[in-house]
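Structure, as structure tokens:
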There are 2 protein chains.
Amino acid sequence: MATEIPDIVIGRLPIYLRELRRLQAEHDKLTTSSHELGERLGISSAQIRKDLSHFGEFGKQGTGYHIGYLVDQLCQILHLDQVWPVVLVGAGSLGTALAYYDGFRPRGFEIRWIFDTDPSKIGHEINGMCIQAISELEETIARHKIAVAIIATPASAAQEVTDFLIESGIKAILSYAPLHLSAPAGVHISYSDPVTELQRMTYYLG
Amino acid sequence: MATEIPDIVIGRLPIYLRELRRLQAEHDKLTTSSHELGERLGISSAQIRKDLSHFGEFGKQGTGYHIGYLVDQLCQILHLDQVWPVVLVGAGSLGTALAYYDGFRPRGFEIRWIFDTDPSKIGHEINGMCIQAISELEETIARHKIAVAIIATPASAAQEVTDFLIESGIKAILSYAPLHLSAPAGVHISYSDPVTELQRMTYYLG
DNA sequence: TAGATTGTTAATCGATTAACAATC
DNA sequence: TAGATTGTTAATCGATTAACAATC
């Protein structure tokens with residue numbers, strides 16, 4: 001029982017959740033089907049049903065899925081029945097944009113601390129948060145039991161920052177630095193590098 | 001022959017390329033091996049050799065791969081032997097951060113035009129580029145034969161912007177808007193949504 | 001030569017899809 | 001009831017890995 005659920009399945013759950021919330025916002029309909037959801041996402045209905053079936057039986061034959069109920073279930077599965085406090089490292093233009101982004105909070109995350117090494121930035125405010133020195137990072141993470149971090153530093157600093165975050169207790173990192181980061185098992189890392197994404201697409205262009 | 005190369009393989013090529021450039025920058029070594037590259041990226045050496053073998057024989061038994069040569073080959077395969085001009089739609093804080101990002105140019109892309117709908121932004125400059133009205137988008141794309149676009153608008157505008165970009169001739173879109181976009185076959189879309197990435201990771205956290 | 005490493009084959013592993021009984 | 005849709009099984013499809021002959 002409870003055999004390991006593939007990571008690729010986990011990765012689709014937030015996509016399902018996102019689209020279900022859109023359905024909630026757009027319609028007054030209370031239910032949807034794997035077919036409708038699949039249509040909207042470009043995913044086969046069979047795959048959606050199979051993915052969900054790893055976690056339980058959330059639908060009803062003949063009528064489909066109750067949207068609100070499925071949203072609740074997915075939130076529970078993904079541990080989104082809380083708001084995760086997040087530390088941001090790097091207060092450059094990308095870090096600043098992230099600090100102002102209002103899309104985190106309604107979906108379960110909140111950047112609450114910003115760190116940078118640049119002495120000329122420390123003490124300045126971004127979106128109500130005071131930029132702090134990296135030297136205060138460890139204590140902040142420990143005191144508030146923070147598990148999630150975002151790295152928006154130059155590539156040259158990213159591995160060092162990663163090591164330090166992990167030492168301090170961080171378990172999940174989203175990195176915007178364009179390089180592979182080393183981390184021990186049990187620490188999760190996601191990447192966002194616009195250039196690798198663009199390069200993948202230009203393969204297909206003349 | 002030349003059977004369809006899996007998209008998942010294409011997606012790894014930019015990662016290989018990125019790491020090879022790091023090797024170039026860090027060392028004076030001229031060659032590397034699938035083992036070394038795999039070690040650095042957390043990918044099996046067999047997979048790297050298999051991926052590359054789709055495109056030719058780039059290595060030498062006993063010595064491995066000449067780094068500079070492999071970089072050149074990957075650039076050719078990915079059509080990076082040119083700089084792709086890019087239009088950016090959305091001049092909010094994320095769009096602004098992207099407009100200032102200096103990591104595009106050395107890796108084959110250059111944001112050269114910025115568009116927004118907000119009349120109060122139009123005419124202002126970001127990194128030397130004048131923010132233009134969306135109404136000028138079509139002509140700009142046609143005149144300069146632009147194939148690549150980045151969307152940094154709110155979700156509510158993104159599908160409309162996408163449709164317009166595609167109508168105007170865009171073939172590859174990187175979208176930061178948190179929703180699935182519909183597009184006809186032949187148009188390539190990549191997504192970057194920090195929240196879905198974070199949500200995938202919190203699944204694994206208590 | 002001896003050691004290292006490739007490119008490739010075959011085996012394994014995993015993910016997706018098609019189909020359908022169950023049932024709302 | 002008839003139509004719709006689920007959850008699940010088995011079949012298909014695709015990707016990864018292990019192993020090794022070839023060879024630098």
Side-chain angles (χ1 to χ4, degrees), chain A residues 1-16 19-20 23 27 29-74 77 180 200 203, chain B residues 1-16 19-20 23 27 29-74 77 180 200 203:
Chain A
M1 282 291 82
T3 56
E4 211 54 54
I5 292 161
D7 185 57
I8 198 162
V9 172
I10 306 303
R12 283 190 292 260
L13 300 185
I15 305 293
Y16 299 159
E19 196 62 29
L20 289 164
L23 278 166
H27 300 306
K29 263 192 315 154
L30 290 176
T31 63
T32 187
S33 65
S34 59
H35 179 78
E36 181 180 42
L37 199 54
E39 272 286 305
R40 293 178 62 119
L41 291 173
I43 293 177
S44 81
S45 62
Q47 179 155 87
I48 292 174
R49 292 198 302 280
K50 186 112 219 282
D51 285 352
L52 296 176
S53 75
H54 283 101
F55 301 94
E57 309 193 355
F58 303 127
K60 265 215 253 299
Q61 287 102 324
T63 54
Y65 301 91
H66 181 94
I67 297 172
Y69 177 72
L70 189 50
V71 163
D72 286 350
Q73 292 297 310
L74 286 173
I77 291 164
H180 174 84
R200 156 193 243 139
Y203 168 79
Chain B
M1 284 291 86
T3 56
E4 212 53 54
I5 292 161
D7 185 58
I8 198 162
V9 171
I10 306 304
R12 282 190 294 260
L13 300 185
I15 305 294
Y16 300 158
E19 196 62 29
L20 288 165
L23 279 166
H27 300 305
K29 262 191 316 153
L30 289 177
T31 63
T32 186
S33 65
S34 59
H35 179 78
E36 181 181 41
L37 200 53
E39 273 286 304
R40 293 177 62 117
L41 291 173
I43 292 177
S44 81
S45 61
Q47 178 155 88
I48 292 174
R49 293 199 301 281
K50 187 112 218 281
D51 284 353
L52 295 177
S53 75
H54 283 101
F55 301 94
E57 309 194 354
F58 304 127
K60 264 216 252 300
Q61 287 103 324
T63 54
Y65 301 91
H66 181 93
I67 298 173
Y69 177 72
L70 189 49
V71 163
D72 286 349
Q73 292 298 309
L74 287 172
I77 292 164
H180 175 83
R200 156 193 243 136
Y203 167 79

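In what follows, chains carry the letters A, B, and so on, assigned in the order in which the sequence lines appear, proteins first and then strands, with residues in each chain numbered from 1.
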Handout entry: Nearest-angstrom distance from the residue atom CD1 of B:Ile67 to C1' of C:dT5
Key = 15 Å

Practice task
Report the distance from atom NZ of B:Lys60 to atom P of C:dT6, rounded to the nearest whole Å.
Solution key: 12 Å

Exercise for the section: Tell me which nucleotide among C:dA15, C:dT8, D:dT16 gets nearest to the side chain of B:Ile8. Expected result: D:dT16

Handout entry: A:Glu36 and A:Leu23: CA distance, side-chain angles, deciding distance, side-chain contact (heavy atoms from CB on, under 4.5 Å) verdict
Key = CA-CA 10 Å; A:Glu36 181 180 42; A:Leu23 278 166; 4.3 Å; yes

Handout entry: Phosphate contact (D:dG7 OP1 or OP2) by A:Tyr65 side-chain N/O below 4.0 Å
Key = yes

Practice task
Starting at atom CZ of A:Phe55, determine the distance to atom P of D:dG7, rounded to an integer number of angstrom.
Solution key: 13 Å

Completion exercise
Of the candidates D:dA22, D:dT17, C:dT8, the side chain of B:Arg49 sits closest to C:dT8

Practice task
Evaluate whether atom NZ of B:Lys29 has more than 12 neighbouring non-hydrogen atoms of other residues, nucleotides or ligands under 6.0 angstrom away.
Solution key: yes

Exercise for the section: Report yes if a side-chain nitrogen or oxygen of A:Gln61 is closer than 4.0 Å to either non-bridging phosphate oxygen (OP1 or OP2) of C:dA22; otherwise report no. Expected result: no

Practice task
Rounded off to whole Å, could you give me the CZ-to-C1' distance for the A:Phe58 and D:dT8 pair?
Solution key: 15 Å

Fill in the blank from the handout: When rounded to whole Å, the CG to P distance for the pair A:Asp51 and D:dT8 reads 13 Å

Problem - Nearest heavy atoms of A:Tyr203 and B:Ile77, plus distance in Å - result: CD1-O, 3.4 Å

Practice task
Using only side-chain N and O atoms of A:Ser44, determine if any of them is under 4.0 Å from OP1 or OP2 of C:dT17.
Solution key: yes

Practice task
Considering just the side-chain nitrogens and oxygens of B:Ser34, establish if one lies under 4.0 Å of OP1 or OP2 belonging to C:dT6.
Solution key: yes

Exercise for the section: Specify the residue among A:Pro6 and B:Leu52 whose closest nucleotide of DNA chain C lies further upstream toward the 5′ end. Expected result: B:Leu52

Handout entry: Euclidean distance, A:Leu52 CG relative to A:His54 NE2, rounded to 0.5 Å
Key = 10.0 Å

Practice task
Could you check which of D:dT6, D:dA15, C:dT8 has an atom nearest any side-chain atom of A:Ser33?
Solution key: D:dT6

Practice task
Check whether any side-chain nitrogen or oxygen of B:Arg12 sits under 4.0 Å from OP1 or OP2 of D:dT16, and answer yes or no.
Solution key: yes

Exercise for the section: Write down the distance between CD (A:Gln47) and C1' (D:dT6), rounded to a whole number of angstrom. Expected result: 16 Å

Exercise for the section: Give a yes or no on this: more than 12 heavy atoms of other residues, nucleotides or ligands lie within 6.0 Å of atom NE2 of B:His35. Expected result: no

Fill in the blank from the handout: Here the distance between atom P of D:dA15 and atom CD1 of B:Ile10, to the nearest Å, is 11 Å

Exercise for the section: Report the base-pairing partner of C:dC13 (Watson-Crick or G-U wobble, both distances below 3.5 angstrom), or none. Expected result: D:dG14

Fill in the blank from the handout: Partner of D:dC20 under the Watson-Crick or G-U wobble criteria, both distances under 3.5 Å, comes out as C:dG7

Exercise for the section: Provide, to the nearest angstrom, the distance between the NZ atom belonging to B:Lys50 and the C1' atom belonging to C:dA11. Expected result: 12 Å

